[in-house]
Amino acid sequence: ETYVSEEKITDGHQFLEFASMYLDRVMENFEGPVYCAAYDLASTWDEQGLLELEELVLAMKLTRETRIAGIRTGKALLRMAGEMLGDSELKSYYEKNKDSGTSYPVAFAITCARFDIDKKEGLKALLFSTINSLTQSAVKLIPLGNTEAQSLLASLYPMMEECAEQSLNKGLGEIENFCPGLDIASMRHEALPTRLY
């Protein structure tokens, strides 16, 4: 939204460049590997390990808005998943952490593991849902036509597949969240005169 407001993203081509960068810098280097680590911890229900991972994730989210947004969506997902599954451990985990929250990639991984969804398939779903969400925002903000938006989304599928492969092969010691442009845009977003998101 900040980039559109500042006219740095004004059309589908520029959005495609942005979404590609987001996949490469945020998803492949940070949220994808975090999901993978959380999935492994949730598969053996290592609650302490999940809490420690969550501390790391929040420490690496440098801006207030990104931390709050990630926790808000993560909390909602865990609450719904616990209700749908009737999973006592999941409900208990949500209750213990509902004040501090759980970030979205960690919550997504916990949900996939508890639903017994394949790790890679869950990761691909996370990547798609993230990029689809950005695309739907672009439809309203730029604006893009629905056909153009779907074409752009489809063109990103090969990159999502590659992102999934790379994320699966990164350990926690290799993750990074160095995106100064996004961090600055996030800080500016708090003061935009008009905000939809």
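From a predicted model like this one, the values you see are computed outputs, not experimental measurements.
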One thing to verify: whether Lys140 and Glu1 come together as a salt bridge, which I'm taking to mean a side-chain N less than 4.0 angstrom from a carboxylate O. no
Counting neighbours of CE on Met21 that are heavy atoms of other residues, nucleotides or ligands and sit closer than 6.0 Å, is the number greater than 12? yes
First locate atom OG1 of Thr102, then atom CG of Leu78, and finally report the distance between them rounded to the nearest 0.5 Å. 5.0 Å
Could you list the residues that satisfy side chain to side chain contact (heavy atoms under 4.5 Å, CB included) with Arg64, not counting sequence neighbours? Arg67, Ile68, Glu190
Say whether, by atom type as modelled, one donor and one acceptor occur between the side chain of Lys75 and the main chain of Lys98 under 3.5 angstrom. yes
Hey, is the main chain of Tyr93 close enough, under 3.5 Å, to the side chain of Asn97 for a donor-acceptor pair? yes
Which heavy-atom pair separates Glu54 from Ser103 by the least distance, and what is that distance? OE2-N, 2.8 Å
Ring geometry between Tyr3 and Phe18 (parallel below 30°, tilted from 30 to 60°, perpendicular above 60°): perpendicular
Find out if a path of hydrophobic residues (ILVMFWY) with successive side-chain heavy-atom gaps under 4.5 Å connects Trp45 to Tyr39. no
Any idea how Phe108 and Tyr104 line up, ring-wise: parallel (<30°), tilted (30 to 60°), or perpendicular (>60°)? perpendicular
Heavy-atom pair of closest approach, residues Cys36 and Leu168: SG-CD2, 3.7 Å
Under 3.5 Å, is there a donor-acceptor pair between the side chain of Thr73 and the main chain of Ala69? yes
Take atom CZ in Phe178; do more than 12 heavy atoms of anything else shown fall under 6.0 Å from it? no
What are the two closest non-hydrogen atoms of Val26 and Cys179, and how far apart are they? CG2-SG, 3.8 Å
Distance, nearest 0.5 Å, that separates SG of Cys163 from CG of Leu127: 4.5 Å
Is Thr130 reaching over with its side chain to a backbone N or O of Leu126, donor-acceptor style, under 3.5 angstrom? yes
Leu41 with Met60, same ILVMFWY side-chain cluster at under 4.5 Å: yes
Shortest non-hydrogen pair, Arg25 vs Asn29, comes out as NH1-ND2, 3.1 Å
Do you know which two heavy atoms are closest between Pro33 and Ile175, and how far apart they sit? CB-CG2, 3.4 Å
Under 3.5 Å, is there a donor-acceptor pair between the side chain of Thr10 and the main chain of Glu7? no
State the CG-CG distance between Leu134 and Leu152, to the nearest 0.5 angstrom. 12.0 Å
Pairing of Glu95 and Lys91 as salt bridge, 4.0 angstrom limit: no
According to salt bridge (charged side-chain N to carboxylate O under 4.0 Å, His left out), who are the partners of Glu89, at least two apart in sequence or on a separate chain? Arg114
Looking at every heavy atom in both Glu31 and Pro105, which two are closest together, and how far apart are they? O-CB, 3.8 Å
In Å, rounded to the nearest 0.5 Å, how long is the span from CG of Asp46 to CG of Leu53? 10.0 Å
